[in-house]
There are 2 protein chains.
Amino acid sequence: MPSSRDQSVETIQRELTAFARRARATAARTHPQLSLVSFTLLAHLADQRGCRATDLAAHYMLDKSTVSRQVAALEKLGFVERRPDPDDQRVQVLHPTPLGYETLASVAASRRAAFQERLADWSEQDLARFAEYLVRYGRASTRPRS
Amino acid sequence: MPSSRDQSVETIQRELTAFARRARATAARTHPQLSLVSFTLLAHLADQRGCRATDLAAHYMLDKSTVSRQVAALEKLGFVERRPDPDDQRVQVLHPTPLGYETLASVAASRRAAFQERLADWSEQDLARFAEYLVRYGRASTRPRS
DNA sequence: TCGGATGGTTGTATAGTACAACGTGACTGC
DNA sequence: GCAGTCACGTTGTACTATACAACCATCCGA
């Protein structure tokens with residue numbers, strides 16, 4: 001017999017996967033310039049004030065070749081630039097360009113607006129709790145398993 | 001100045017998109033036989049005790065061509081069968097085969113186990129609330145916008 | 001009965017991804 | 001200081017999921 005705990009887990013699983021299914025499509029549709037992946041990588045660069053391709057790959061569990069191509073695309077669009085690392089000639093430190101920061105801000109704003117609309121009728125407390133649960137879940141699923 | 005409300009929305013957005021990024025990859029890795037999309041479609045068929053391709057497309061916001069191909073793949077693997085609709089010759093009602101039900105159950109179980117592991121140290125109440133929030137969010141993002 | 005709507009398939013193009021092979025540079029033990 | 005190994009990144013190749021458009025077959029309402 002499924003416990004209520006099992007049922008909650010089942011629901012969480014179903015809803016999160018459903019979200020995953022939709023996310024890419026809607027992102028692609030609303031922001032043809034900056035796909036979900038590109039957006040995320042660029043946002044990470046902005047957040048970290050620059051980092052290496054390898055760091056991106058590790059953080060997002062992507063193959064380095066994938067990151068290499070995504071970064072190349074972002075560079076072609078003028079959203080990131082590569083700076084040599086003085087300490088290690090192999091390394092290119094990636095930074096958003098001013099245009100990159102601009103575009104990021106604009107996409108983030110409109111994306112935020114879409115979320116705001118969906119979350120418009122939530123109480124502040126519910127929002128805070130939902131956010132907290134998601135962070136907690138995210139930590140659990142990125143943390144290296146023992 | 002960002003309100004605490006804004007910050008919660010920001011966090012929810014970030015975490016949900018991060019989840020979306022990982023979901024497909026891990027699904028593909030752990031269950032090469034049944035991708036995230038195939039799994040979801042098959043699960044829907046099981047849930048509904050059969051439905052039409054068009055219904056799947058509408059429900060998951062996928063193009064009918066995408067569904068057509070996914071279903072063809074599932075059929076090739078022996079997981080679904082098509083039954084003619086006596087009332088409408090255009091329609092093929094899709095049903096999981098016994099093998100489909102079996103595979104679905106096994107993949108669902110192992111997927112559930114992975115979630116269980118991540119959610120192991122959550123209280124029952126937190127799980128219930130998290131599930132409720134996700135359902136609420138899901139309704140908001142699939143509901144046709146006014 | 002004809003014209004539009006509906007269900008489905010197929011052709012074509014694209015994005016995102018992985019894996020493998022490679023080149024170059026850095027580090028380590030001897 | 002040199003050989004072997006490791007780390008960083010690129011490129012070749014292949015595959016999956018996806019959309020859009022063109023199409024065929026069927027259904028239905030005026």
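Computation of the quantities below employed the complete heavy-atom set of this structure, encompassing side-chain atoms and omitting hydrogens, waters and symmetry-equivalent molecules. Below, chains carry the letters A, B, ... as their sequence lines are ordered, and counting in each starts from 1.
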Within this structure, what is the [atom1]-to-[atom2] distance between [X] and [N], rounded to whole angstrom?
X: A:Leu36; N: D:dT18; atom1: CG; atom2: C1'; result: 14 Å
X: B:Asp87; N: D:dC27; atom1: CG; atom2: P; result: 10 Å
X: A:Asp85; N: D:dG9; atom1: CG; atom2: C1'; result: 13 Å
X: A:Leu62; N: D:dC8; atom1: CG; atom2: C1'; result: 16 Å
X: B:Lys76; N: D:dT16; atom1: NZ; atom2: P; result: 10 Å
X: A:Arg90; N: D:dT5; atom1: CZ; atom2: P; result: 17 Å
X: B:Tyr60; N: D:dT18; atom1: OH; atom2: P; result: 12 Å

Segment of DNA chain C, first to last nucleotide, that comes within the 4.0 Å heavy-atom reach of chain A:
C:dG16 to C:dA26
Is it the case that the side chain of A:Asp55 and the backbone of A:Arg52 share a donor-acceptor pair, with hydrogens and angles ignored and the cut-off at 3.5 Å?
yes
Counting only N and O atoms by type, is there a donor-acceptor contact under 3.5 Å from the side chain of A:Ser8 to the main-chain atoms of B:Ala131?
no
Evaluate the criterion salt bridge (Lys or Arg N to Asp or Glu O under 4.0 Å) for residue pair B:Arg136 and A:Asp126; output intermediate values, then yes/no.
CA-CA 11 Å; B:Arg136 190 171 163 194; A:Asp126 282 346; 3.1 Å; yes
Quick one: do B:Trp122 and A:Tyr137 satisfy ring pair (Phe, Tyr, Trp, His ring centres under 6.0 Å)? Show the steps, please.
CA-CA 10 Å; B:Trp122 289 48; A:Tyr137 178 83; 7.1 Å; no
Check for me whether A:Arg112 meets the cation-pi criterion with A:Phe115, that is, NZ or CZ under 6.0 Å from the six-membered ring centre and within 45 degrees of the ring axis.
no
Using the ring of A:Tyr133 (Phe, Tyr or Trp, six-membered ring only), decide whether B:Arg129 places NZ or CZ under 6.0 Å from its centre and within 45 degrees of its axis.
no
Is there a donor-acceptor contact under 3.5 Å linking the side chains of B:Glu81 and B:Thr97?
no
OG1 of A:Thr40 to CG of A:Leu36, rounded to nearest 0.5 Å, is 4.5 Å
Hey, what do you get for CD (B:Gln7) to CG (A:Leu127), rounding to the nearest 0.5 Å?
12.0 Å
Give me the residues of residues 63-74 of chain B where at least one heavy atom lies under 4.0 Å from an atom of DNA chain D, by number, or none.
B:Asp63, B:Ser65, B:Thr66, B:Arg69, B:Gln70
Can you check whether A:Gln89 has a side-chain N or O nearer than 4.0 Å to OP1 or OP2 of D:dG9?
no
5′-ward residue of the pair B:Val93/A:Ser38 relative to DNA chain C
B:Val93
